[in-house]
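First up is the structure itself, then whatever we jot down about it.
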Amino acid sequence: MWFYVLLFNLQFMERIYLDYSATTPVAPEVKEAMEPYFSEHFGNPGSIHSWGQKAQAALDHSREIIADELNVKFSEVVFTGSATEANNLVVRGVAAGSKGIDKPRIIVSAIEHPSVLETARALTADGVEMVCIGVNKEGFVDLQALKNSLNERTVLVSIIYASNEIGTIQPIQEIAKIIGDFRKQIANSKGQSTGDSRLAISSLPLLHTDIVQAFQFFKMDLQELGVDAFSVSGHKIYGPKGVGVLVLRNEWEPYLGRTITGGHQELGLRAGTENVPAIVGLGKAVELVSHDREEEAKRIGSLRDYFWEKLKRALPEIELNGSPGNRLPNNLNICFPNKESGDLLIKLDQAGVAVSAGSACSAKAPKPSHVITALGMGEKRARQSLRFTLGRPTTKEEIDIALGRIVKLLN
Ligand code: PLP
């Protein structure tokens, strides 16, 4: 009986989605742009004939949009099947390209997305040395530990730009400076000239940052940030699922081992026929994001602050996870003391509010979040924390309704 009552309530209740870091709805403009590429312009971009040329032109257009947006070259944009795949390509690719180095070292932070963390961990079985840099209680990477971990065998440093769980934004430019100084020091100690830009860039380690969550809120410029590689995902920015991008400086391309072999698509780095409709959609999604990025970041940020202030006033015992000031504008990761997050999540869903207890990729994992655990406040805190993430469709009315339901449930 209770089940039917619940079903009835859910049918007529306004359902509020506050899990936009897990995924976003496809924007109508994106859907419209994709539509002709399913059945009308269905050619394979690798074909020589006019069908193929039409598909190739669509890929080129998206590649141009993304290259312009990120201030990289056309040939530095590699389309993939997801950001997970982009992260795998760079982590596994660098390891595969380092065969001549005994125990190549990969440095990651303790709060990376599993597609970086677990990939680096898996490579240790093949002789790679993984160094995991800790974070402080706000989630900032320990820069001194990073400096101390760099050695001549270090082939890759991968640090997430902004955490998908706690929202903390890392000082990537500062990290790039540390890597740049280290490269110069190595070049000098070997008596090499750093005047040769190819040598300067191709000298190890490669610096990669996952900008999946940050890209929609902050202008990303590869040159200005001083990094070598970015990963982007379509479905986090109102584009389709199953498409991502690895941006990789051209100078690095010859040094990356091929981990997906087959045809020569995507510089030979990612064999397989490109998903043309999804890539067209991703290009459109990037265009839309860049159109009103600053205003949206401001609007969502002030809604998020309003949400937090009201919730904290009503439930003074709750605590924020991550940095209060330097975090993604859409993110609130909250510890509800003495409440089990899995239980709370289900009750909130029944009350019509969709949130998550960490990243969507690990939601079904039995272990508590590795990100909250890395903050050093104990596993218990990780088991009592929920992530609320706002998005383009979020309104103040929705926040007010969600606030009412959360406070009612917790009281
Ligand atoms: N990196 C971050 C920071 C993410 O939040 C996610 C998705 O949750 C990914 C990578 C993986 O993206 P995709 O779903 O495209 O594989």
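Numbering of ligands and ligand atoms starts at 1, following listing order. For the numbers below, each heavy atom of this structure counts, side chains included, while hydrogens, waters and symmetry mates do not.
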| Thinking salt bridges, do E118 and R121 make one under a 4.0 Å N-O criterion? | yes

| request: List every atom of ligand 1 that sits less than 4.0 Å from any heavy atom of N164, numbering the atoms from 1 in the order shown and giving each element. | output: 3 (C), 5 (O)

| query | Does atom NE2 of H49 have more than 12 heavy-atom neighbours from other groups under 6.0 Å away? | reply | yes

| request: Would you check if there is a donor-acceptor pair between the side chains of Q350 and R405 at a distance under 3.5 Å? | output: no

| Atoms of ligand 1 less than 4.0 Å from I160 heavy atoms? | 3 (C)

| Atoms in ligand 1 with a heavy atom of H235 nearer than 4.0 Å | 13 (P), 14 (O), 15 (O)

| With a 4.0 Å cut-off, would you call K177 and E174 a salt bridge? | no

| task | Report the part of E85 (side chain from C-beta onward, or backbone N, CA, C, O) that has a heavy atom under 4.0 Å from ligand 1; answer both or neither where that applies. | result | neither

| query | Are S50 and Q53 close enough that a side-chain donor and a side-chain acceptor fall under 3.5 Å? | reply | no

| task | Between T84 and ligand 1, find which residue part has any heavy-atom pair under 4.0 Å and reply side chain, backbone, both or neither. | result | both

| message | Pairs of nitrogen or oxygen atoms closer than 3.5 Å, one from A83 and one from ligand 1: do any exist? | response | yes

| note | Taking only non-hydrogen atoms of D210 and a 4.0 Å limit, the atoms of ligand 1 in range are 1 (N), 2 (C), 3 (C), 10 (C)

| message | With no hydrogens and no angle check, just 3.5 Å: does a side-chain donor-acceptor pair link Q56 and D60? | response | yes

| field | Within-cut-off N or O pair, K236 and ligand 1, under 3.5 Å | value | yes

| message | With respect to S233, determine whether any N or O atom, backbone or side chain, lies less than 3.5 Å from an N or O atom of ligand 1. | response | yes

| How about S302 and D305: does a side-chain donor come under 3.5 Å of a side-chain acceptor? | no

